[in-house]
Amino acid sequence: MKKPNNNRNKNNNNNQPGGEQPIRVRSPRKGEIPGVVEQILGHGKLKVRCNDKNIRLCRIPGKMKKRIWIREGDVVLVKPWDFQSDEKADVIWRYTRTEANYLERRGFLKI
């Protein structure tokens with residue numbers, strides 16, 4: 001015998017007028033810079049063109065490396081190192097295309 005489906009409205013988008021959910025985007029905080037991935041170097045390293053016109057060698061931390069795939073052209077959020085801040089940084093977030101368009105409209109992304 002089949003169980004009744006109690007999660008009927010789980011994927012229903014009728015919460016908002018028009019059926020759309022509002023976008024919640026992680027905006028850059030103090031010391032974080034958005035950028036675009038230019039080149040994948042392997043071993044969890046990338047070249048990223050940042051908003052401040054610097055090209056940084058960025059590494060993907062281990063907790064992100066196993067969960068998120070990053071490709072050339074993706075918009076990412078980087079945190080420059082305390083030393084060599086103009087040359088090296090860590091990737092802390094990858095934006096989807098929709099989120100990247102939202103950032104560009106709001107003026108966070110100027111590339």
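Position 1 is the first residue of the sequence, and the numbers go up from there. This is a predicted model, so every value here is computed, not measured.
Expressed to the nearest 0.5 Å, how far NZ of K47 lies from CZ of R49 amounts to 10.5 Å. Between I60 atom CD1 and H43 atom NE2 the span is 12.5 Å, to the nearest 0.5 Å. Between the CD atom of E72 and the CD atom of E38 there is a distance of 9.0 Å, given to the nearest 0.5 Å. The distance from the CD1 atom of I40 to the CZ atom of R71 is 9.5 Å, given to the nearest 0.5 Å.
Here the closest non-hydrogen pair linking P80 and S85 is CB-O, 3.6 Å. Considering all non-hydrogen atoms of both residues, R94 and D74 come closest at CD-OD2, 3.5 Å. Between K65 and G44 the shortest heavy-atom distance is CE-CA, 4.2 Å. Taking all atoms of both residues into account, the shortest heavy-atom contact from K30 to K79 is O-NZ, 4.3 Å. Contact record, L109 with P34: CD1-CB, 3.9 Å, taken as the closest heavy-atom pair.
Looking at heavy atoms from C-beta onward, D52 lies in side-chain contact with I33 at the 4.5 angstrom threshold. Side-chain contact between I70 and L46 is present, with at least one heavy-atom pair separated by less than 4.5 Å. Put simply, the side chain of L57 does not reach to within 4.5 Å of the side chain of E87, judged on heavy atoms. Between K88 and C58, the closest side-chain pair of non-hydrogen atoms is not below 4.5 Å. Side-chain contact between C50 and V78 is present, with at least one heavy-atom pair separated by less than 4.5 Å. The closest side-chain heavy-atom distance from V76 to Y95 is not below 4.5 Å. Side-chain contact between W93 and E99: present, with at least one pair of heavy atoms (C-beta onward) separated by less than 4.5 Å.
Salt-bridge check for D90 with R59: passed, with a basic side-chain N closer than 4.0 Å to an acidic carboxylate O.
No path of Ile, Leu, Val, Met, Phe, Trp and Tyr side chains, each step under 4.5 Å between heavy atoms, connects V37 with V75, placing them in separate hydrophobic clusters. There is no path of hydrophobic side-chain contacts, each under 4.5 Å, that joins F108 to V91.
Counting non-hydrogen atoms of other residues, nucleotides and ligands closer than 6.0 Å to CH2 of W81 gives a total above 12.
In this structure, the side chain to side chain donor-acceptor pair (under 3.5 Å) partners of E32, at least two apart in sequence or on a different chain, are R26.
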